[in-house]
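It should be emphasised that the depicted structure is a prediction, and the values quoted were computed from it without experimental measurement. One-based numbering along the sequence shown.
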Amino acid sequence: MSQSTRPPLGGRPATGRDVALAVAGIGGSAVVVFFLALFVTRGDARVAVGCAALLLVVGGGSYAWGAVDRARRRRRALAEYGSFEGALARLDVAQVRAVRERDGEVAAVRDVRRQLPHLSLPEAVEIARDA
């Protein structure tokens, strides 16, 4: 991947996890609407509102945690490595190659993440494949 097309260090576009959280939020909203209608027709509006509040807190909290974690990882990567090339300069490439040849690509990615813990998973995969 050339430097001009590489995303900023530590940054990445929306992932499958982000999409899964969005789908879970939509599904959770549908469930809330169903139970809200069910409990309101029975006269139990307080239970319905409690369920809705609980689902919104859990769903919103998990999404916020993910966003905060991604931002923290991006800031640490930029502060520690400066650039993608700066991160590569700190990597023991020979060790990554040896691990990849001996134990496979997944083990090589783990080794990259062990050596450079602030990189995102997609960046570690790219490094492990190119090493």
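Contact record, Leu116 with Leu91: CD1-CD1, 4.0 Å, taken as the closest heavy-atom pair. Ala108 approaches Arg100 most closely through the heavy-atom pair CB-CB, 3.6 Å. Considering every non-hydrogen atom in both Arg113 and Leu119, the closest pair reads NE-O, 3.4 Å.
Residues Val125 and Val106 are members of separate hydrophobic clusters, defined by side-chain heavy-atom contacts under 4.5 angstrom among Ile, Leu, Val, Met, Phe, Trp and Tyr.
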For Gln115 and Asp92, what are the C-alpha separation, side-chain angles and deciding distance, and is it a side chain to side chain donor-acceptor pair (under 3.5 Å)? CA-CA 8 Å; Gln115 292 185 44; Asp92 184 359; 5.3 Å; no
Pair Arg110-Arg114, side chain to side chain contact (heavy atoms under 4.5 Å, CB included): steps then yes or no: CA-CA 6 Å; Arg110 273 193 228 114; Arg114 184 188 55 76; over 6 Å; no
Apply side chain to side chain contact (heavy atoms under 4.5 Å, CB included) to Ile127 and Val96, showing your working. CA-CA 9 Å; Ile127 290 172; Val96 173; 5.6 Å; no
